[in-house]
Amino acid sequence: MIYFVVLILLLVPVVKYDLMAKTGGEKIWYYFNLVVLILLAGLRYRVGGDTLMYMSMFDEIPTLNELKYFDFDTAKFNPLWYIINAVSKTIHDEFFLFQIIHACIVNPVFFYFFRKYSPNYYFTVILFYYVGYYCYFNMEVMRESLCICMLLLSFHFMYQKRWLLYYAVCICALLMHYSALVMFLFPFLLLFFKKPSWKIQLSLFILIFIFTLVVNVPMLLLSMLSLDEQLMLLAEKYLENERNIMGMLSLFIQYLPLLGMIYLRERYDIRMPFDFTSIVLGVVVVYAFSMNLTGVNRLVNYFIPFILVYTVNTIYYVISNIKPMFSMGYSVLLSSLFVLSFNYYFYYAKDVSSSYPDTRFYAIFHPYHSVFFPEQDEHRERFIENYRDVIIEF
């Protein structure tokens, strides 16, 4: 129920400011919704799959005074994660404080990014973020979401070609999560992908997919990572499985709405002050490699804020400038939105009964319990316990 109430609160400014173009009170709604999302994530009690794992390990986290005795070399996670946890634990030894700190980092950074790069429609971007990725970034991939925040805050360094500052942030992110390696490749996207072309994108997607079928990419990557034993073991664990046909089809369906947006940008020559075409076109590379390599699709997480802004800006441009309504542009737009909605629905409602009987994936987030009324949901606890045995930790 609480998720639905928050959804209504986010819908109000979308209708008032983005759709009806009214003015007055935008800042109040902006900060009100920000506080609501911080509190919803920060005050949760045992909600989220990765949250339960991190809670179970929190007692082993050192305080700031104990960090000098901590063995980072044998630790499971990267150093910066323990440092941030240590700060929280030094202040208060309950995990909910860390949740609040985490939510106070992730959500303001995402909100800032959305308002900066979609100044006219940021309430709609926030709505898309909430429906599709809020629970995921705040309650699941908690380490990775902090890396994504570093990317968003340093993105202007890349556009200004202040490489030293940008790569310094990349190194910091790498100290949080190994997946931040993808951040080092972002500047090359600006170099190689400068114009939107759905034909080139689709061709590149097919070529990379064929490449992964012909070349043993896991062995190639492992040989490149052989200098770092911990990273090599991680890669072996993450790349050891191949996808089946249904997994490939699912990824391709996830990719289709983005293809539709790029088609619209090209067909109507849409140009905007903040154009993430170069970044968004780079997603095709990740999706293409993901078709045959499990785990690689996690790297899409770093592109999601850009995709959200790119998608919302494209939607409003088509609605405002393309006539008539029964044109090819609207057909592509509506089809893309339908598939996008299906992807959101499938993420939450997919059947995971193989891990626990009669369970849908939303059991990770629903029902919601707060620290004020702490309650342990046995269904979620048992599901997560079994689910952890069959997924790969990254």
Side-chain angles (χ1 to χ4, degrees), residues 34 37-38 40-42 48-51 54 77-81 83-85 98-118 122 125-159 165-190 234 238 254 258 274 276 278-283 285-287 290 295-312 344 347 393-394:
L34 175 58
L37 292 189
I38 288 175
L40 183 65
D50 283 5
T51 296
Y54 292 131
F77 302 125
N78 299 37
L80 194 53
W81 175 254
I83 294 172
I84 292 177
N85 275 263
F98 176 74
Q99 289 182 165
I100 294 174
I101 293 173
H102 183 273
C104 284
I105 296 172
V106 172
N107 293 289
V109 171
F110 274 65
F111 270 50
Y112 155 79
F113 183 82
F114 296 153
R115 187 165 66 168
K116 180 175 181 179
Y117 293 105
S118 184
Y122 55 86
V125 186
I126 291 169
L127 179 66
F128 275 50
Y129 159 67
Y130 175 74
V131 172
Y133 304 102
Y134 167 78
C135 289
Y136 181 64
F137 284 132
N138 283 271
M139 306 175 192
E140 275 296 289
V141 291
M142 296 176 67
R143 287 188 298 139
E144 200 166 63
S145 62
L146 293 176
C147 295
I148 296 169
C149 287
M150 295 185 210
L151 171 64
L152 300 183
L153 290 174
S154 64
F155 186 69
H156 64 284
F157 293 148
M158 184 166 49
Y159 261 107
L165 287 174
Y166 176 73
Y167 280 114
V169 176
C170 290
I171 293 172
C172 289
L174 196 59
L175 293 174
M176 177 67 70
H177 201 292
Y178 279 124
S179 65
L181 280 168
V182 73
M183 290 173 55
F184 289 81
L185 303 179
F186 266 66
F188 295 96
L189 299 177
L190 300 180
L234 185 64
Y238 223 67
Q254 292 176 37
L258 186 58
F274 305 112
F276 294 141
S278 300
I279 302 300
V280 170
L281 282 174
V283 182
V285 178
V286 178
Y287 270 121
S290 301
V296 178
N297 59 298
R298 276 285 296 269
L299 300 180
V300 173
N301 292 343
Y302 288 83
F303 296 87
I304 285 174
F306 303 93
I307 294 173
L308 290 175
V309 171
Y310 188 87
T311 298
V312 169
Y344 285 173
Y347 171 72
E393 294 177 7
F394 191 12

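These numbers come from a predicted model, not from an experiment.
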Name each donor-acceptor pair under 3.5 Å that joins a side chain in residues 147-158 to protein atoms two or more places apart or in another chain, with its distance.
{"unit_1": "Ser154", "atom_1": "OG", "unit_2": "Met150", "atom_2": "O", "d": "2.8"}
{"unit_1": "Ser154", "atom_1": "OG", "unit_2": "Leu151", "atom_2": "O", "d": "3.3"}
{"unit_1": "His156", "atom_1": "ND1", "unit_2": "Leu153", "atom_2": "O", "d": "3.1"}

Polar side-chain atom of Tyr302 near backbone of Ala180 as donor-acceptor pair, under 3.5 Å | yes

Enumerate, atom names and distances included, each donor-acceptor pair closer than 3.5 Å involving a side-chain atom of residues 165-176, sequence neighbours excluded.
{"unit_1": "Tyr166", "atom_1": "OH", "unit_2": "Met183", "atom_2": "O", "d": "2.6"}
{"unit_1": "Tyr167", "atom_1": "OH", "unit_2": "Phe184", "atom_2": "O", "d": "3.2"}

Using ring pair (Phe, Tyr, Trp, His ring centres under 6.0 Å) as the criterion, list what pairs up with Phe128, not counting sequence neighbours.
-> none

Across all chains, not counting sequence neighbours, the ring pair (Phe, Tyr, Trp, His ring centres under 6.0 Å) partners of Phe113 are Tyr117, Phe276, Phe306

Taking the side chain as every heavy atom from C-beta outward, state whether Val309 and Phe114 have any pair of such atoms under 4.5 Å apart.
-> yes

Do side-chain atoms of Ser145 reach the backbone of Val141 as a donor and acceptor pair under 3.5 angstrom?
-> yes

Using the test ring pair (Phe, Tyr, Trp, His ring centres under 6.0 Å), find all partners of Phe98 that sit at least two apart in sequence or belong to another chain.
-> Trp81, Phe95

Any donor-acceptor pair under 3.5 Å linking the side chain of Thr311 with the backbone of Leu308?
-> no

Side chains of Phe110 and Leu37: closer than 4.5 Å at any heavy-atom pair?
-> no

Could you please spell out the steps behind the side-chain contact (heavy atoms from CB on, under 4.5 Å) verdict for Tyr310 and Val283?
-> CA-CA 12 Å; Tyr310 188 87; Val283 182; over 6 Å; no

pair Thr51-Gln99: side-chain heavy atoms closer than 4.5 Å = yes

Can you establish whether the number of heavy atoms outside Tyr159 located under 6.0 Å from its atom OH is more than 12?
-> yes

Just jot down the ring pair (Phe, Tyr, Trp, His ring centres under 6.0 Å) partners of Tyr344, sequence neighbours excluded, or say none.
-> Tyr133

